[in-house]
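Have a look at the structure below, then the notes.
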Amino acid sequence: MNAFVASEVDRPAASGWRSCAPIAALVRDRRLPAITREYLLSEFSPDEWQRVSRKQRRHRPATSAQHRGIGSARIAPTLLV
């Protein structure tokens with residue numbers, strides 16, 4: 001497992017899908033699979049993870065530039081109300 005896969009499969013454990021009881025109950029009540037690390041690793045092949053990792057690398061420069069621009073933007077005081 002590469003670093004990309006490791007970081008992506010660990011995100012759901014800290015997300016609302018699992019940590020927010022009402023959302024977790026909705027998923028469970030609908031008999032949907034819990035989005036866990038184990039589920040993601042078993043459901044997607046190494047080739048699929050590799051393909052997604054390549055797509056992520058291609059998009060990262062554009063999103064990084066957006067984040068830098070947003071991070072340095074000033075917030076209007078009226079938005080802080």
Side-chain angles (χ1 to χ4, degrees):
M1 176 182 351
N2 65 33
F4 172 80
V5 175
S7 70
E8 293 305 308
V9 298
D10 286 337
R11 284 184 196 208
S15 75
W17 291 107
R18 301 222 12 199
S19 62
C20 180
I23 294 173
L26 285 174
V27 170
R28 186 179 54 253
D29 293 349
R30 301 281 192 304
R31 298 177 191 247
L32 297 170
I35 301 172
T36 63
R37 180 179 215 281
E38 293 76 21
Y39 171 77
L40 292 172
L41 289 173
S42 68
E43 197 63 26
F44 302 104
S45 73
D47 290 340
E48 289 172 305
W49 282 112
Q50 187 70 296
R51 187 173 59 247
V52 172
S53 176
R54 284 193 303 270
K55 286 181 181 180
Q56 175 66 16
R57 282 190 299 252
R58 284 196 310 251
H59 290 95
R60 189 172 293 140
T63 57
S64 294
Q66 289 172 340
H67 284 249
R68 283 192 303 276
I70 292 168
S72 63
R74 295 183 65 186
I75 298 174
T78 56
L79 295 176
L80 299 176
V81 176

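Residue numbers run from 1 in the order of the sequence given.
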Would you list the atom pairs, donor with acceptor, under 3.5 Å between side chains in residues 20-30 and any protein atom, with sequence neighbours excluded?
none

Does Phe44 have any ring pair (Phe, Tyr, Trp, His ring centres under 6.0 Å) partners at least two apart in sequence or in another chain, and if so, which? Trp49

Nearest heavy-atom pair of Glu8 and Leu40: which atoms, and what distance? O-CD1, 4.5 Å

List in chain and number order the residues that pass side chain to side chain contact (heavy atoms under 4.5 Å, CB included) with Ser45, two or more places apart in sequence or in another chain; answer none if no residue qualifies. Asp47, Glu48

Shortest non-hydrogen pair, Ser19 vs Ser15, comes out as OG-O, 2.7 Å

Measure across Tyr39 and Ala34 and return the closest heavy-atom pair with its distance rounded to 0.1 Å. CB-O, 3.6 Å

Partner of Leu41 under side chain to side chain contact (heavy atoms under 4.5 Å, CB included), chosen from Glu38, Glu43, Arg37: Arg37

